[in-house]
Amino acid sequence: MTSKLTLVSHTLCPYVQRAAIVLIEKGIPFERKYIELANKPTWFKQISPLGKTPVLLADESPIFESMVICEYLEETANPKMHPSNPLNKAQHRSWIEFSSSILNDIAGLYNAIDETSFNEKSRQIKNKFSQLENVLKSGPYFSGAYFSGEKFSLVDAAFGPVFRYFEVFDTFFAGGWFNDFPKLENWKNSLMKRPSIQQAVTVDYENNLLVFLQKRHSYISELLIHKKVSLVDAVVQG
């Protein structure tokens, strides 16, 4: 690959993280250009028909949608991250779609306006975690650190941003997300240690996400604010 690559990004976008992880895993040099989605520049609107990040500029040619970007990188650069067998490759693509559905549920979780709707979204997420746990236990999957063994795949790249949310949620809300899912928790822990996943976000990602969540005016905002007040009270009383 000889193109100059620029990944147009938003600091909190999980789909940007997917593309960044694949670029890092393949050792492809790239630049990051951050924008604010709440104040999209004109040039960005011209290259992103859906108005979303990420967009990968290959020289000046835009590619949008995260998995389209990842598939382009897969076709043009080594090491290969998809299985070579067509059936296995299709199955991996299916589980990547499954990860996208969980990201949608997570958005519903942090936008839930009250405890009832929050608990319902939590239940939906845990149901999907249960499905994943059963697949990992009975699979042909998860015979090693990653989704299909010791080789890091595009499925792993897709789930890294999913699991990252729960690392942050656990700092202020004990949701017990992985209590009943030991295989899934082991997979999450393996992914969170992976350098490409760690490097896919900025160093202030966690703080930025907490600020974002606090501003949602949702149930999760109340949980976060209550946690902060509790911490202040503990310091004062101590």
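Predicted model only: the values in this text are computed from it and were never measured. Reckoned from all heavy atoms, side chains included, excluding hydrogens, waters and symmetry mates.
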- [ ] Without swapping roles, check the side chain of Asn85 against the backbone of Leu87 for a donor-acceptor pair under 3.5 Å.
- [x]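 Such a contact is found between Asn85 side chain and Leu87 backbone.
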
Under 3.5 Å, is there a donor-acceptor pair between the [X] and [Y] side chains?
X: Arg18; Y: Ser100; answer: yes
X: His82; Y: Glu71; answer: yes
X: Ser196; Y: Glu25; answer: yes
X: Ser101; Y: Asn104; answer: no

Task: Residue pair Tyr15 / His10, side-chain heavy-atom distance below 4.5 Å - done: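 No, every pair of side-chain atoms sits at 4.5 Å or beyond.
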
Task: Stacked cation flag Lys227 on Phe173, 6.0 angstrom / 45 deg - done: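 Because its charged atom misses either the 6.0 Å distance or the 45° angle limit, Lys227 does not stack over Phe173.
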
- [ ] Measure the acute angle between the ring planes of Phe212 and Tyr110, then classify it against the limits of 30° and 60° as parallel, tilted or perpendicular.
- [x]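 Aromatic pair Phe212/Tyr110 classed perpendicular.
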
- [ ] Report the relative orientation of the aromatic rings in Trp177 and Phe169; use parallel for angles under 30°, tilted for 30 to 60°, perpendicular for over 60°.
- [x] tilted

TODO: Any chance you could measure Asp114, atom CG, to Tyr219, atom OH, to the nearest 0.5 Å?
DONE: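 Answer rounded to 0.5 Å: 9.0 Å.
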
Can [X] and [Y] be counted as an ion pair, charged N to O under 4.0 angstrom?
X: Lys52; Y: Glu65; answer: yes
X: Glu120; Y: Arg123; answer: yes
X: Glu167; Y: Lys188; answer: yes

Task: ring-ring contact (aromatic ring centres under 6.0 Å, His included) between Phe163 and Phe166, worked out - done: CA-CA 5 Å; Phe163 293 144; Phe166 298 95; 7.4 Å; no

Open item on the list: Connecting only ILVMFWY residues whose side-chain heavy atoms lie within less than 4.5 Å of each other, what is the rest of Phe64's hydrophobic cluster?
Closed with: Val8, Ile35, Leu37, Trp43, Phe44, Ile47, Leu50, Val55, Leu57

Open item on the list: Restricting to ring pair (Phe, Tyr, Trp, His ring centres under 6.0 Å), what partner residues turn up for Phe98, sequence neighbours left out?
Closed with: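 If we apply the ring pair (Phe, Tyr, Trp, His ring centres under 6.0 Å) test to Phe98, skipping adjacent residues, the hits are Trp95.
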
Task: Residue pair Lys89 / Pro83: nearest heavy atoms and the distance that separates them - done: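 So the minimum-distance heavy-atom pair works out to CE-O, 3.2 Å.
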
